[in-house]
Colleague: 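Got a structure for you, written out below as structure tokens; questions coming shortly.
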Amino acid sequence: MSYVDLTGDGKEEAVIILVTGHGTNLDTNEAHVLNGENLTEIKIQSAEEILADLETEVNQKGDELLIKAKAQGKEYKFSKKVSDLKLVNPDDKFENKLYFGDMILNNVKDQKLAVDIGGFVKPTNGVLPEYVCTVHVTYKYDQALNEFVADQIEITNPYE
């Protein structure tokens, strides 16, 4: 729990981050922001809503996975060798899009609310998905909606 002015009104809000999942290939938490004066909760745009506008594509060419993602009009491209993935057989085939949900980590940094969402490739044989990218989202407070909405979205490759 922390107190920080996220809305820009000069008054601190209470930020509570609760762990919702932790284990093998799973690390999730949930953020709640409460008005510091009356303790009403301020809505935060969900990861699911943000990801609904994200376009992803995964193509396999031999031992190479070609990964594309598009957010806010910007396209990100990177690749990963199948043989470098820890839990995967080089002969495995993969779904043609990124999979999300196993890593959702909310945080507050530099007086901004943010969330990091892990992107995974998912083998069609049911083996555990493999982490290949992070969707970094920084929120801004929309006063008209009284809600935190995605402001900046960037996708990074952890292997570069």
Side-chain angles (χ1 to χ4, degrees), residues 1-58 67-76 78 80 85-88 94-124 126-160:
M1 184 166 166
S2 60
Y3 294 94
V4 62
D5 179 14
L6 295 175
T7 61
D9 64 359
K11 300 172 188 164
E12 292 181 332
E13 288 74 42
V15 181
I16 302 164
I17 297 180
L18 304 170
V19 173
T20 56
H22 186 72
T24 304
N25 274 15
L26 177 68
D27 198 3
T28 60
N29 69 25
E30 185 176 276
H32 298 272
V33 178
L34 305 179
N35 178 301
E37 293 181 335
N38 61 20
L39 299 180
T40 57
E41 188 163 2
I42 302 170
K43 185 178 186 294
I44 301 169
Q45 185 180 18
S46 71
E48 293 80 14
E49 291 174 290
I50 294 165
L51 294 170
D53 292 332
L54 195 72
E55 297 173 34
T56 69
E57 183 180 323
V58 176
I67 302 162
K68 290 186 204 175
K70 188 174 181 181
Q72 294 180 319
K74 185 172 180 183
E75 191 169 279
Y76 301 86
F78 49 96
K80 184 73 180 151
L85 299 175
K86 292 175 282 202
L87 301 174
V88 178
F94 293 82
E95 291 187 13
N96 64 353
K97 63 181 181 176
L98 290 176
Y99 168 77
F100 300 96
D102 289 351
M103 186 189 96
I104 300 174
L105 298 173
N106 292 271
N107 61 79
V108 175
K109 188 175 180 182
D110 300 326
Q111 290 197 261
K112 292 198 180 263
L113 183 63
V115 64
D116 289 332
I117 305 165
F120 296 78
V121 290
K122 193 172 184 180
T124 57
V127 172
L128 290 173
E130 284 276 347
Y131 170 67
V132 294
C133 70
T134 302
V135 178
H136 299 282
V137 179
T138 304
Y139 290 96
K140 70 177 178 183
Y141 178 68
D142 186 316
Q143 191 169 14
L145 295 173
N146 187 34
E147 177 180 345
F148 289 95
V149 296
D151 182 30
Q152 297 174 329
I153 301 173
E154 180 183 25
I155 302 167
T156 60
N157 176 354
Y159 304 106
E160 289 183 343

Colleague: I need the minimum non-hydrogen distance between Asp5 and Gly10, along with the two atoms involved.
Modeller: OD2-N, 2.8 Å
Colleague: How long is the gap from OG1 on Thr28 to CD1 on Ile117, to the nearest 0.5 Å?
Modeller: 12.0 Å
Colleague: Given Leu6 and Val15, is the side-chain contact (heavy atoms from CB on, under 4.5 Å) satisfied, shown in steps?
Modeller: CA-CA 9 Å; Leu6 295 175; Val15 181; 3.5 Å; yes
Colleague: Show the nearest heavy-atom pair for residues Cys133 and Phe78, with the distance to one decimal.
Modeller: CB-CZ, 3.3 Å
Colleague: Can you see which heavy atom on Leu54 is nearest to which on Lys70, and at what distance?
Modeller: CD1-O, 3.4 Å
Colleague: Quick one: closest heavy-atom pair of Leu145 and Val149, and the distance?
Modeller: CD1-CG1, 4.3 Å
Colleague: Is Glu57 close to Lys97 at the side-chain level, that is, under 4.5 Å between some pair of heavy atoms?
Modeller: no
Colleague: Examine the side chains of Thr124 and Glu95 and answer whether a donor and an acceptor come within less than 3.5 Å of each other.
Modeller: no
Colleague: Before you tell me yes or no, could you show the steps for Asn157 and Thr134 under side-chain contact (heavy atoms from CB on, under 4.5 Å), namely the whole-Å CA-CA distance, both residues' side-chain angles and the distance that decides it to 0.1 Å?
Modeller: CA-CA 7 Å; Asn157 176 354; Thr134 302; over 6 Å; no
Colleague: Does Asn146 have any side-chain hydrogen bond (donor to acceptor under 3.5 Å, both in side chains) partners at least two apart in sequence or in another chain, and if so, which?
Modeller: Tyr141
Colleague: Are the side chains of Ile67 and Val132 in contact, using a 4.5 Å heavy-atom criterion?
Modeller: yes
Colleague: Would Leu18 and Asn29 satisfy side-chain contact (heavy atoms from CB on, under 4.5 Å), going step by step from the backbone distance to the final call?
Modeller: CA-CA 5 Å; Leu18 304 170; Asn29 69 25; over 6 Å; no
Colleague: Measure the CD1-OG1 distance between Ile104 and Thr20 for me, rounded to the nearest 0.5 Å.
Modeller: 7.5 Å
Colleague: Checking the side chain of Thr56 only, and the main-chain atoms of Leu98 only, is there a donor and an acceptor separated by less than 3.5 Å?
Modeller: yes
Colleague: Who pairs with Lys11 by side-chain hydrogen bond (donor to acceptor under 3.5 Å, both in side chains), at least two apart in sequence or on another chain?
Modeller: Glu37
Colleague: For Glu30, check side-chain hydrogen bond (donor to acceptor under 3.5 Å, both in side chains) against everything at least two apart and list the hits.
Modeller: His32
Colleague: Roughly how far, to the nearest 0.5 Å, is the CD atom of Glu48 from the CZ atom of Phe100?
Modeller: 11.5 Å
Colleague: Surrounding CD of Glu75 (heavy atoms of other residues, nucleotides or ligands, distance under 6.0 Å), is the total greater than 12?
Modeller: yes
Colleague: How long is the span from the CD atom in Glu130 to the CG atom in Asp102, to the nearest 0.5 Å?
Modeller: 11.5 Å
Colleague: Mind checking side-chain hydrogen bond (donor to acceptor under 3.5 Å, both in side chains) for Thr138 and listing every partner two or more places apart, or none if nothing turns up?
Modeller: none
Colleague: Is there a side chain to side chain donor-acceptor pair (under 3.5 Å) between Glu13 and Thr7? Walk through the geometry before answering.
Modeller: CA-CA 8 Å; Glu13 288 74 42; Thr7 61; 3.0 Å; yes
Colleague: Sequence neighbours left out, what passes side-chain contact (heavy atoms from CB on, under 4.5 Å) with Asp151? Give chain and number order.
Modeller: Lys140
Colleague: Kindly say whether Ile153 contributes a backbone atom to a donor-acceptor pair with the side chain of Gln72 at under 3.5 angstrom?
Modeller: yes
Colleague: Locate the shortest heavy-atom distance separating Val135 from Ile155; write the atom from each residue and the value.
Modeller: CG2-CG1, 4.1 Å
Colleague: Closest approach of Glu154 and Tyr76, non-hydrogen atoms and distance?
Modeller: CA-OH, 3.5 Å
Colleague: I'd like to know if the side chain of Asp110 reaches the main chain of Lys112, judged simply by a donor and an acceptor atom lying under 3.5 Å from each other, with no hydrogens or angles considered.
Modeller: no
Colleague: Donor-acceptor pair, distance only, cut-off 3.5 Å: does the side chain of Asp116 make one with the backbone of His136?
Modeller: no
Colleague: Identify, with sequence neighbours excluded, every residue that meets side-chain contact (heavy atoms from CB on, under 4.5 Å) alongside Ile44.
Modeller: Ala31, Val33, Leu113, Tyr139, Phe148
Colleague: Roughly how far, to the nearest 0.5 Å, is CD1 of Ile16 from OH of Tyr3?
Modeller: 7.5 Å
Colleague: Looking at OH of Tyr131 and CG of Asp27, how far apart are the two atoms once the value is rounded to the nearest 0.5 Å?
Modeller: 11.0 Å
